[in-house]
Every structure is written in structure tokens, then in C-alpha cells.
Amino acid sequence: MLLSIAWLCPAKDVLVGAIGTALAVGATVIDQIACLLSRAAAACETIATHVTTLIGAIFRSLGRTAQAGVSITAAFLRWCLDLLSTSVHAVALRALSLVG
């Protein structure tokens, strides 16, 4: 009876090794995904800081004050850039009228 089960021992070792390898590879992939997500979150925070700083600079150059806590949406960014574009356009027209 013991001899008939003996052939399972090498198969069990191979199976345990395969499962261990699969778990290790899975953990490595999960670790890599977690690392990438962490980097993306940090990049988003950095970009958000830069966008907020840029909006503040645009408002200061236009002589406006920005409200703290305003949600920065695409529509808000479009509006800010439109304000900047209108202001730059007006200054350019004044400069051209002085030159020409």
C-alpha cells in the first residue's frame, strides 16, 4: 500500500513548486501594478499642484483673485484660458495701434 502512494510524492513536490511559482509571479505582477498606481497617483497630485499654480498666476496677471476650494473642471479651465486669451488679444491690439 505504501509503495502505491510513493509515486505521488514527486508529483506533490512539482505541484507545490508550480503553485509557489504562480503565487510568486502573481505577487510580483500585483506589486508592479500597485507601484504603477502609486506613481500615477503621485503624478496626478503633482499635476494638480501645477495646474492650481498656473490658474493662480493667470488670475494674478489679470488682476483677479481666485477663490480657494473652487473645483477645477474643464469648463473652468476653458473660462480661465478664454479670459487670458481675451486679455492678451486686447493688449496686442493696443500695441499694434501704437505701432501702426
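Just so you know, residue 1 is the first one in the sequence shown, and it goes up from there.
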- Item | Residues which pass side chain to side chain contact (heavy atoms under 4.5 Å, CB included) with Leu81, listed by chain and number, not counting sequence neighbours | Ile58
- Task: Answer yes if Leu83 and Val91 sit in the same cluster of Ile, Leu, Val, Met, Phe, Trp and Tyr residues linked by side chain heavy atoms under 4.5 Å apart, and no otherwise.
- Result: no
- Task: Starting at CD of Glu45, measure out to NE2 of His50 and round the result to the nearest 0.5 Å.
- Result: 12.0 Å
- Item | Minimum-distance pair of heavy atoms, taken over all atoms of Thr53 and Arg60 | O-NH2, 4.4 Å
- Query: Of all heavy-atom pairs between Ile55 and Phe76, which one has the smallest distance, and what is that distance?
  - Reply: CG2-CE2, 3.9 Å
- Item | Whether Ser85 side chain and Asp82 backbone form a donor-acceptor pair below 3.5 Å | no
- Taking all non-hydrogen atoms of both residues, which atom of Thr52 and which atom of Ile72 are closest, and how far apart? OG1-CD1, 3.7 Å
- Task: Give, for atom CG of Leu84 and atom CH2 of Trp79, the distance between the pair rounded to the nearest 0.5 Å.
- Result: 11.5 Å
